[in-house]
Structure formats: structure tokens, C-alpha cells
Amino acid sequence: MNLIDVILLAIALGIDCLIVSFSQGLIFKTQRVKNSLRLAFCMGVFQGIMPIIGYIATDKIYKILIPYSKWIVFGIFAILGINFILQAFSKMMKEKPQCIDLKCLISLSVATSMDALIAGATIKLTSSNLNSAALMFGAASFVMSLIGFWGGNYIKNIPEKFLHIIGGTILIILALKSIV
């Protein structure tokens with residue numbers, strides 16, 4: 001793979017981060033800077049680490065995860081999406097501080113970085129530079145997560161309940177997309 005191929009792959013891998021972050025941006029109206037940076041940081045770190053893992057353990061992890069990767073992604077996104085929709089109807093929704101918790105950050109980051117794990121195997125198989133690819137994957141996902149979060153956050157006049165439903169629906173659509 002040449003540099004342009006790696007850049008295009010980084011952008012393609014970052015699209016899920018952008019969409020997931022957009023759904024989060026729809027939900028959060030307080031602590032926006034903190035939430036956007038935490039989310040973007042986690043997305044970027046996982047998108048940068050997963051190809052390294054895939055590269056190093058191509059023969060072992062790749063063979064184990066590849067048959068189940070779409071179901072792992074489906075499960076994570078479906079559970080998170082259903083949870084967001086249920087939160088829309090929860091009376092406690094407004095009482096909780098609006099901050100993305102660590103469990104959610106890790107779940108979203110793992111779900112969006114499964115493709116990066118597989119890309120790591122591709123990087124090894126094509127004898128491409130792992131360090132530059134991992135850095136580009138992480139940086140692109142960080143930037144695209146910020147863009148997605150703030151893009152979603154600028155839609156302000158929609159009722160919060162509706163935004164939770166939209167965010168959850170987006171995650172469920174991503175879940176279904178992962179198995180199709």
C-alpha cells in the first residue's frame with residue numbers, strides 16, 4: 001500500500017467514528033467540550049492500537065475474530081442503540097449528569113475499530129509501514145470524531161427525547177449494517 005492508499009483507508013475507517021460521534025453529539029447538550037474530546041481521544045487511540053494488534057497477531061487473532069467480528073460489532077451497537085432509546089423514555093434522563101462514561105467510550109471505540117484490527121492484518125500482508133498507518137488511522141478518527149460530535153451538537157432545537165431516539169436509531173442502523 002502506498003501513502004495515498006493508507007490515507008484513504010484511514011478516512012474510510014474514520015467514517016464509523018464520525019457517524020457514532022454524530023449520534024453522541026445529538027444527545028449531549030452539556031459538558032460538550034469534555035465529551036467531544038474524550039470520545040475523539042478514545043476513538044483515535046483504539047483506531048491507532050487495533051491495527052497494531054492485527055498486524056502483530058495476524059495469524060492468531062485474525063482467524064479467531066474474523067468469523068465473529070460482524071456479530072461483535074452488531075451486538076455492541078445494538079445494545080448501545082437500544083440503551084439510548086430506552087434512556088429517551090426514562091424519567092431519570094435529565095437528572096443524570098450528561099457525560100459519556102468509560103464503559104460507553106470503550107464499547108463505542110471497540111465497535112468502531114474492529115475494521116482497523118482487520119486493516120492491521122492487511123498492512124502486514126502488504127508489507128506497509130505499520131507506524132505511519134496506525135498514526136494516520138488514529139489521527140483521522142480523532143478529527144472525524146470531533147467533526148461528527150460537533151456536527152450533531154449543532155442541531156439544538158430538537159427535543160432531547162427525540163435526539164436520544166435518533167442517536168439510538170443510528171447505532172442500531174450501524175449494527176444492522178455490520179451484519180449485512
Side-chain angles (χ1 to χ4, degrees), residues 1 4-27 39-40 42-55 57-89 100 103-126 128 133-134 136-138 140-149 151-153 155 158 161-180:
M1 265 191 288
I4 293 174
D5 292 338
V6 172
I7 291 169
L8 291 174
L9 182 56
I11 291 169
L13 292 172
I15 288 172
D16 280 347
C17 295
L18 184 134
I19 294 169
V20 168
S21 296
F22 181 84
S23 72
Q24 297 301 295
L26 288 172
I27 295 168
L39 182 61
C42 283
M43 294 282 193
V45 166
F46 273 81
Q47 288 282 16
I49 289 173
M50 291 298 251
I52 295 169
I53 294 169
Y55 184 94
T58 295
D59 294 329
K60 294 177 181 146
I61 292 177
Y62 182 78
K63 289 177 183 175
I64 293 168
L65 287 182
I66 195 66
Y68 308 106
S69 65
K70 67 182 180 181
W71 294 107
I72 293 167
V73 171
F74 171 79
I76 291 170
F77 279 150
I79 289 167
L80 289 171
I82 291 167
N83 187 43
F84 286 145
I85 292 171
L86 292 175
Q87 285 178 3
F89 298 100
I100 304 172
K103 181 179 172 183
C104 183
L105 284 171
I106 291 172
S107 295
L108 290 172
S109 298
V110 167
T112 57
S113 65
M114 292 302 288
D115 291 342
L117 178 76
I118 296 165
T122 304
I123 291 166
K124 181 170 183 153
L125 296 172
T126 60
S128 300
M136 282 188 231
F137 293 176
S141 295
F142 177 84
V143 170
M144 292 173 79
S145 291
L146 285 176
I147 291 168
F149 185 94
N153 196 265
I155 302 173
I158 299 173
K161 179 186 262 187
F162 186 67
L163 295 177
H164 266 81
I165 294 169
I166 290 172
T169 302
I170 289 170
L171 290 171
I172 291 170
I173 289 169
L174 286 175
L176 293 172
K177 176 189 157 268
S178 73
I179 60 170
V180 173

Engineer: Is there side-chain contact between Thr112 and Phe46, with at least one heavy-atom pair below 4.5 Å?
Structural biologist: no

Engineer: Quick one: SG on Cys17 to CG on Asp115, what's the gap to the nearest 0.5 Å?
Structural biologist: 9.5 Å

Engineer: Please report the closest heavy-atom contact between Val6 and Ala133, naming both atoms and the distance.
Structural biologist: CG1-CA, 3.7 Å

Engineer: Are the side chains of Ile82 and Ile172 in touch, meaning some heavy atoms are under 4.5 Å apart?
Structural biologist: yes

Engineer: Measure across Ile123 and Pro51 and return the closest heavy-atom pair with its distance rounded to 0.1 Å.
Structural biologist: CD1-CB, 4.4 Å

Engineer: When rounded to the nearest 0.5 angstrom, what is the spacing between OG in Ser141 and CE in Met136?
Structural biologist: 12.5 Å

Engineer: Find the distance between OG (Ser109) and CG (Leu39) and round it off to the nearest 0.5 Å.
Structural biologist: 6.5 Å

Engineer: How far does CG of Leu9 sit from CZ of Phe137, to the nearest 0.5 angstrom?
Structural biologist: 4.0 Å

Engineer: Any side-chain heavy atom of Met144 within less than 4.5 Å of one from Ser21?
Structural biologist: no

Engineer: What's the spacing between Leu13 CG and Leu18 CG if we round to 0.5 Å?
Structural biologist: 13.0 Å

Engineer: Can you tell if the side chain of Asp16 reaches within under 4.5 Å of the side chain of Lys177, non-hydrogen atoms only?
Structural biologist: yes

Engineer: Enter the distance from Gln24:CD to Ser145:OG here, rounded to the nearest 0.5 Å.
Structural biologist: 10.5 Å

